[in-house]
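Protein chains get the first letters and strands the later ones, always in sequence-line order, with residue 1 at the start of each.
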Amino acid sequence: MSKSVATDSNKDHGAIRKVIASIPRGRVASYGEIAARAGLPRRARLVGRVLRDAGDAAKLPWHRVLRADGRIAFAPGNRAFREQRARLIDEGVGVKAGRIDLARYGWQRNIDEEIWRL
DNA sequence: ACATTGACTCGCG
DNA sequence: GCGCGAGCCAATG
C-alpha cells in the first residue's frame, strides 16, 4: 500500500456513510441531519458529495436522504428523482409532489405522531 | 494559486 | 411560494 487516502475514503466519508446506512427502512433524514449525526455540523454538502461518489453500487439507502424541507434533492422528473420517489413509496413513505412529511417519516420525528398513527 | 461548482441550509424580504 | 446572499468546503478546471 502506498500512501493513504488521496482519493479513497477518509474519516469523514466513513462516518457519513455509516450514519446513512443506519437510517431505518421507512424513515428519512436530511443531509444536514446526517452530517450532524456524523459529528460534522454544517457539512450537509459533504454528505451530498459522499453519496454522489458512492453511487448505486455502494448499497447505501441514498433514497432516504432528503433536503431539509423534506423535498427530494433532484430536479422533478429526472431519472434519479423518479427512482428515489419509487423507492420511498415502495417502503411505505408518503411522497406528495416530491415532498415528504418529515414530522411523520423523519428519523427524528415527534414520537407523538407515531402514537396517533394507528 | 484562483475561480467555479455543487445530491445543502438558513435567514431575510 | 420565490429570489438573494452568506456560510460551508472538497473537487475540478
Atom pair CZ/NZ of A:Arg17 and A:Lys59 - distance to nearest 0.5 Å: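 It is 12.5 Å, given to the nearest 0.5 Å.
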A:Arg64 side, atom CZ; A:Trp107 side, atom CH2 - distance, nearest 0.5 Å: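 These two atoms lie 10.0 Å from each other.
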Using whole Å, what does the distance between atom [atom2] of nucleotide [N] and atom [atom1] of [X] come to?
| X | N | atom1 | atom2 | value |
| --- | --- | --- | --- | --- |
| A:His13 | B:dA7 | NE2 | C1' | 14 Å |
| A:Ile16 | B:dC8 | CD1 | P | 13 Å |
| A:Tyr31 | C:dC9 | OH | P | 19 Å |
| A:Ile20 | B:dC8 | CD1 | C1' | 13 Å |
| A:Leu51 | B:dG6 | CG | C1' | 13 Å |

Residues in contact with DNA chain B, drawn from residues 69-85 of chain A - heavy-atom cutoff 4.0 Å: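 Hits under 4.0 Å, by residue number: A:Ala73, A:Phe74.
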Interface residues of residues 33-47 of chain A with DNA chain B (non-hydrogen, below 4.0 angstrom):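 Residues of residues 33-47 of chain A that come under 4.0 Å of DNA chain B are, in numerical order, A:Ala44, A:Arg45.
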Salt-bridge present (A:Arg87, A:Glu83; N to O < 4.0 Å):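 A salt bridge links A:Arg87 with A:Glu83.
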Basic-acidic side-chain contact under 4.0 Å: A:Asp69, A:Arg71: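 Answer for the salt bridge query: yes.
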Flag, side chain of A:Arg85 to backbone of A:Ile72, donor-acceptor distance under 3.5 Å: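 No, A:Arg85 side chain to A:Ile72 backbone: no donor-acceptor pair under 3.5 Å.
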Backbone N/O of A:Gly26 and side chain of A:Glu91: donor-acceptor pair under 3.5 Å: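 Indeed, once roles are kept as given, a pair shorter than 3.5 Å links the two residues.
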Quiz item: cation-pi between A:Arg52 and A:Trp62, 6.0 Å / 45°: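 The answer is no, since A:Arg52 fails at least one limit relative to A:Trp62.
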First encountered from the 5' end of DNA chain C, between A:Arg49 and A:Arg99: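 The residue mapped nearer the 5' terminus is A:Arg99.
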Touch class at under 4.0 angstrom, heavy-atom based, for A:Arg67 against every strand present: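 Here A:Arg67 touches the backbone only, sparing every base.
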Partners meeting side-chain hydrogen bond (donor to acceptor under 3.5 Å, both in side chains) with A:Asp90 (sequence neighbours left out):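 A:Asp90: no side-chain hydrogen bond (donor to acceptor under 3.5 Å, both in side chains) contacts found.
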